[in-house]
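The basis for the numbers below is simple: all heavy atoms, side chains too, and nothing from hydrogens, waters or symmetry mates. Reminder, nothing fancy here: chain letters follow the sequence lines and each chain counts from 1.
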Protein chains: 2
Amino acid sequence: MSDLLERLRGRGWRLTSQRRVVAEVLDGEHVHLTADEVHARAVSVLPEISRATVYNTLGEMVSLGEVMEVATDGRAKRYDPNARHAHQHLICSGCGSIRDVHPQGDLIAALPAGERFGFVISGAEVTYRGLCPDCS
Amino acid sequence: MSDLLERLRGRGWRLTSQRRVVAEVLDGEHVHLTADEVHARAVSVLPEISRATVYNTLGEMVSLGEVMEVATDGRAKRYDPNARHAHQHLICSGCGSIRDVHPQGDLIAALPAGERFGFVISGAEVTYRGLCPDCS
DNA sequence: ATCCTAGCTTGGACTTTGTCTAAGTCAACA
DNA sequence: TGTTGACTTAGACAAAGTCCAAGCTAGGAT
Ligand SMILES: [Mn+2]
Ligand SMILES: [Mn+2]
Ligand SMILES: [Zn+2]
Ligand SMILES: [Zn+2]
């Protein structure tokens, strides 16, 4: 069983074939899939799985902190199983491919007190944009 | 006439009442409105303006670099007339309010060569999250 | 001043992405 | 093996945005 499923079971989850398949789709490679892409891959293994269940399962994994939601454009959100290692994203403006990146320095510290407007800052996300080798 | 309209006319735009109203909605205060919010304000001045025209006009302004699209969550994009001064955004996780912020340092330089995967980097956007004084 | 026409606007159909619900199913525990 | 509450399903619904054919008009030409 995958690490992800193991952790989910440890949190009291009922282990259904649907959840197993969604976890397997996310667990394999290092991916940034939309909900419908996850559904398409899940269907090829478990043809009767519904879109609603994929959305539910992804949402639950996000709530549990096991999966990260990545919303970079105005299109579909992407689901990232690499939630336990803080990282940022680099996106090709040509083909949309996404890479994980790890910028140096402390993003939050880069925001001066005079620019915080009394907010309690909890996090920061960066999206780098550019052209990948194939597109440039 | 607003600065924004002046610049648009200089680019050969036909100056219709619809475009005038959309420009006025964005030009007044320093705002981050959704397309439907722009439409609602526009309708109060020009009741027959259509949603399609608001979307078209906003899209054209973005193409011309006069307005910036801000897509921070999976919800509606926001349109930002402050496109000519580079800045980032700080968003309240409680009420969704948005402030412009100016972090120190060079974001792009913070990405080491070994983390660029051969991409030609063209830009970077940061979204800071936190709780505003009212929500914390 | 009036005409012409390419460019603009419109309402509504359509698409994409996501949420919700009522009815049926089943994993896990006794 | 039976019970039951959690889970899944199909499909209706909603929000955000795109597209189109038909009609209108800003602004240059006459
Ligand atoms: Mn990632
Ligand atoms: Mn802004
Ligand atoms: Zn590319
Ligand atoms: Zn707030």
* Does Tyr128(A) use its side chain to pair, donor to acceptor, with the backbone of Leu107(B) at less than 3.5 Å? -> yes
* **CE-CD distance between Met61(B) and Glu69(B), expressed to the nearest 0.5 angstrom** => 13.0 Å
* To do: Could you label the plane-to-plane angle of the His32(A) and His30(A) rings as parallel, tilted or perpendicular, counting under 30° as parallel and over 60° as perpendicular?
  => tilted
* Structure fact -> Between CD of Gln18(A) and C1' of dA6(D) the distance, given in whole Å, is 12 Å
* Asked: In Å, rounded to the nearest 0.5 Å, how long is the span from CG of Asp134(A) to OG of Ser97(A)?
  -> 8.0 Å
* To do: Considering non-hydrogen atoms only, spot the tightest contact between Asn82(A) and Asp80(A) and give its length.
  => N-OD1, 2.8 Å
* Asked: Can we say Glu66(B) and Arg11(B) salt-bridge, meaning some charged N sits less than 4.0 Å from an Asp/Glu carboxylate O?
  -> yes
* Structure fact -> Min and max contacting nt of DNA chain C in 5' to 3' order, chain A heavy atoms within under 4.0 angstrom, are dT16(C) to dA28(C)
* Looking only at side chains, do Asp100(A) and His85(A) share a donor and an acceptor under 3.5 Å apart? -> no
* Any ion pair linking Lys77(B) and Asp73(A) (charged N to carboxylate O, less than 4.0 Å)? -> no
* Structure fact -> Heavy-atom nearest pair, Ala86(A) first then His102(A), reads O-CD2, 3.7 Å
Contacts under 3.5 Å, N or O only, protein and nucleotides 13-16 of chain D:
residue : atom : partner  : partner atom : Å
dA16(D) : OP1  : Arg75(B) : NH2          : 3.0

* For the atom pair CZ (Arg78(A)) and CD1 (Ile98(A)), what is the distance rounded to the nearest 0.5 Å? -> 5.0 Å
Distances under 3.5 Å between nitrogen or oxygen atoms of protein and nucleotides 20-26 of chain D:
residue : atom : partner  : partner atom : Å
dT25(D) : O2   : Arg14(B) : NH1          : 3.2

